[in-house]
Amino acid sequence: MAAKVFAFATMCVGFFIALLDIQIVSASLNDIGGGLSAGADETAWVQTSYLIAEIVVIPLSGWLSRVMSTRWLFCASAVGFTFTSLLCGWAWNIESMIVFRALQGFLGGSMIPTVFTTAFIYFNGQQRVIAAATIGCISSLAPTLGPTIGGWITDNYSWHWLFFINLAPGIFVAVVVPILVRVDRPNLSLLRGADYLGMALMAVFLGCLEYTLEEGPRWDWFGDDTIRLTAWISGVAGIAFLWRSLTYSQPVVDLRALKSRNFALGCFFSFVTGIGIFATIYLTPLFLGRVRGFSALEIGLAVFSTGLFQVCAIPVYTLFARRVDLRWLMMFGLACFAVSMWNFTPITHDWGWRELLLPQAFRGFSQQFAVAPTVTLTLGGLAPERLKLASGLFNLMRNLGGAIGIAACGTILNDRTNLHFLRLAEHLNSSNPAAVQLVERVATAETVARGGDAVHGHAAAVKLLWSLTLREAQTQTFADAFMVIALCFVVATLMVPLMRKMAAPAAPSSDAH
């Protein structure tokens with residue numbers, strides 16, 4: 001058992017760094033862009049390329065682990081992730097960085113679902129509950145800590161170390177996992193008759209879908225020719241992939257697992273928690289950067305409380321998981337997540353780490369109760385031979401939820417900001433004494449500062465009024481986005497009673513030993 005725990009802990013290290021790298025660059029994109037002489041649109045691809053590559057490889061990992069075995073797939077993934085991390089740190093321009101980040105996401109993505117498979121093969125009973133709690137914690141904690149760790153590294157060293165920091169844990173994982181992990185054997189015969197067409201359709205479907213979701217808010221969705229084309233390609237490839245997966249004898253993704261009510265609902269809950277985790281990680285740093293003007297380190301420190309309180313929730317969850325039906329713990333977690341999003345809605349332009357402390361603490365605590373029981377209830381009842389393919393689909397739903405959540409929030413921020421700005425501007429006229437006094441006071445001060453130039457003094461006052469109005473409009477829009485996320489969790493909470501109690505797997509795996 002000690003060897004199993006150490007092997008599982010080692011795999012969790014790889015799991016953590018693969019998830020951490022999704023968001024570790026989010027607070028430092030300006031620094032990376034400056035270092036590589038790239039604009040904001042180009043620099044955004046440092047994150048987008050990683051997400052697209054990772055979302056393609058995650059559902060493939062179940063089939064790859066059957067071909068290569070879990071330990072050798074994890075080892076190869078760790079080696080590839082470590083080497084491409086080194087290349088990212090050495091990137092000489094934005095084009096090379098984007099290519100290396102895509103390779104990093106593709107090669108490292110397999111470390112994510114294979115941890116789920118190993119946990120449910122290694123452990124049973126209460127040990128499985130603890131393992132699922134650990135995985136649930138890491139899966140939501142790592143992206144949450146990404147901006148904090150990334151901001152601190154960039155502020156104290158340089159953006160290159162965002163990637164060099166992966167070298168030591170990556171080498172450790174690549175060496176230890178092949179020695180300790182023994183859950184299955186490679187089966188190279190699966191290379192014959194594999195669903196290569198299904199793999200190609202899935203890659204095109206998910207890659208184009210992720211591109212559409214990531215770039216859509218920036219380029220006015222279907223008003224852009226490229227976005228319209230990728231959306232059509234994704235839709236056609238997606239339909240073809242579904243047909244192929246349901247008709248082929250050995251599909252690359254086991255969509256038939258969705259016949260299980262718990263698995264189908266679990267994928268839905270994974271999708272919703274993906275929206276909550278990734279969208280809030282996207283919104284909070286963006287608010288602090290746009291509205292408050294925080295640096296990368298200040299943003300990281302402001303969002304740190306979420307991770308801290310989630311760690312504190314682990315022993316509490318483990319204690320209750322031994323005594324309470326996991327469905328009610330999950331319901332509690334989802335409901336608390338909805339309340340935490342509601343606590344963000346009174347947000348104002350002067351919110352900093354003090355005002356964010358309570359909503360983020362509540363969110364961090366609820367994440368543990370929302371994610372960990374979902375993992376156990378969804379995957380705990382599947383036989384190990386189905387677990388490999390199903391865990392990839394389960395993890396894919398979380399990342400898809402994150403991608404769709406971020407895209408939806410980006411669209412809300414674009415559209416609702418204009419609406420709120422126009423509504424506020426309607427009241428800024430000559431009949432508003434506060435606005436008139438502000439303009440007169442600033443115009444007088446600016447006129448004196450400019451040596452009696454009244455025209456430019458008045459223009460400066462109007463510009464200040466415009467910027468203040470935009471700031472308030474943006475703040476109200478962030479509140480709208482948090483409200484939408486809260487509604488998603490309300491719907492998820494109401495659906496929890498549809499889940500059944502977890503049943504034991506039907507039979508042991510034929511290749512487990």
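Without hydrogens or angle criteria, Thr10 side chain to Phe6 main chain gives a donor-acceptor distance under 3.5 Å. At distances below 3.5 Å, not a single donor-acceptor pair connects side-chain atoms of Arg185 with backbone N or O atoms of Ser69. Remark: side-chain polar atoms of Arg71 are not paired, donor with acceptor, to backbone N or O of Leu180 under 3.5 angstrom. With hydrogens and angles disregarded, no donor-acceptor distance shorter than 3.5 Å links the side chain of Arg101 to the backbone of Ser49. Within the 3.5 Å criterion, the main-chain N or O of Val375 finds no donor-acceptor partner in the side chain of Thr378. Here the side chain of Ser270 pairs a donor or acceptor atom with the backbone of Phe394 at under 3.5 angstrom. In terms of modelled atom types and a separation under 3.5 Å, the side chain of Ser234 and the main chain of Phe205 share a donor-acceptor contact.
By the neighbour-count criterion of 12 heavy atoms within 6.0 Å, atom CZ of Phe164 is densely surrounded, having more than that number from other residues, nucleotides or ligands. At most 12 heavy atoms of other shown residues, nucleotides or ligands fall within 6.0 angstrom of atom CH2 in Trp342. More than 12 heavy atoms of other residues, nucleotides or ligands lie within 6.0 Å of CZ in Phe268, so this atom counts as buried by the packing criterion. For Trp90, the CH2 atom is loosely surrounded, since the number of other residues' heavy atoms within 6.0 Å does not exceed 12. The environment of Leu265 atom CG is dense: over 12 non-hydrogen atoms of other residues, nucleotides or ligands sit within 6.0 angstrom.
In this structure, Phe163 and Met97 approach most closely via the heavy-atom pair CE1-CE, 3.7 Å. Residues Arg363 and Ile277 share a closest heavy-atom pair of NH1-O, 4.5 Å. Leu377 and Met499 make their closest contact through CB-CE, 3.9 Å (heavy atoms, listed as atom of the first residue, atom of the second, distance). In this structure, Ile227 and Thr212 approach most closely via the heavy-atom pair CG2-CG2, 3.9 Å. Across all their heavy atoms, Gly109 and Pro113 have their closest contact at O-CD, 3.3 Å. Considering every non-hydrogen atom in both Ala76 and Met68, the closest pair reads CB-CE, 4.0 Å.
Within the model, atoms OG of Ser85 and CG of Leu103 stand 11.0 Å from one another, a figure rounded to the nearest 0.5 Å. Taken to the nearest 0.5 Å, the CD1 atom of Ile149 stands 10.5 Å off from the CG atom of Leu162. Taking CZ of Arg327 as the start and OG1 of Thr374 as the end, the distance is 13.0 Å to the nearest 0.5 Å. Atoms SG and CZ, on Cys88 and Phe81 in that order, are 8.5 Å from each other to the nearest 0.5 Å. Between Leu86 atom CG and Asn166 atom CG the span is 10.5 Å, to the nearest 0.5 Å. To the nearest 0.5 angstrom, Ser366 atom OG is 13.5 Å from Tyr317 atom OH.
Residues Ile138 and Val115 have side chains not in contact (no heavy-atom distance under 4.5 Å, counting atoms from C-beta outward). Val316 places a side-chain heavy atom less than 4.5 Å from the side chain of Phe365. The side-chain heavy atoms of Ile239 and Trp243, taken from C-beta on, include no pair separated by under 4.5 Å. Here the side chains of Leu36 and Ile32 are in contact, with some heavy-atom distance below 4.5 Å. Annotation: side chain of Val272 is not in contact with side chain of Phe269 (no heavy-atom distance under 4.5 Å). Considering only heavy atoms from C-beta on, Thr280 stays 4.5 Å or farther from Cys409 through its side chain. Annotation: side chain of Thr226 is in contact with side chain of Tyr211 (closest heavy-atom distance under 4.5 Å). Annotation: side chain of Ile58 is not in contact with side chain of Leu393 (no heavy-atom distance under 4.5 Å).
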Could you go through Phe263 and Cys267, starting from their C-alpha distance and side-chain angles, then the distance that decides it, and tell me whether this counts as side-chain contact (heavy atoms from CB on, under 4.5 Å)?
CA-CA 6 Å; Phe263 184 76; Cys267 284; 3.6 Å; yes
After noting the C-alpha distance and the side-chain angles of Thr417 and Ile412, does the key distance pass the side-chain contact (heavy atoms from CB on, under 4.5 Å) rule?
CA-CA 8 Å; Thr417 298; Ile412 290 170; over 6 Å; no
For side-chain contact (heavy atoms from CB on, under 4.5 Å), just list the numbers for Ile485 and Leu283, CA-CA rounded to whole Å, side-chain angles, deciding distance to a tenth of an Å, and then say yes or no.
CA-CA 11 Å; Ile485 299 171; Leu283 288 171; 3.8 Å; yes
Would Leu400 and Leu209 count as a side-chain contact (heavy atoms from CB on, under 4.5 Å) here? Give the steps.
CA-CA 9 Å; Leu400 266 182; Leu209 176 63; 3.6 Å; yes
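In summary, the aromatic rings of Phe482 and Phe478 are positioned with their centroids too far apart to meet the 6.0 Å limit.
Between the side chains of Ser65 and Thr70, no donor N or O sits under 3.5 Å from an acceptor N or O. In this model, a donor atom of one side chain and an acceptor atom of the other lie less than 3.5 Å apart for Ser110 and Ser61. Side-chain polar atoms of Arg398 and Thr273 form no donor-acceptor pair below 3.5 angstrom. Side-chain polar atoms of Asp480 and Thr477 form no donor-acceptor pair below 3.5 angstrom.
Below 30°, between 30° and 60°, or above 60°: for Phe369 and Phe332 the angle between ring planes is above 60°, a perpendicular geometry.
Here the rule is side-chain hydrogen bond (donor to acceptor under 3.5 Å, both in side chains) with Gln104, and of Asp21, Thr82, Thr84 only Asp21 fits it.
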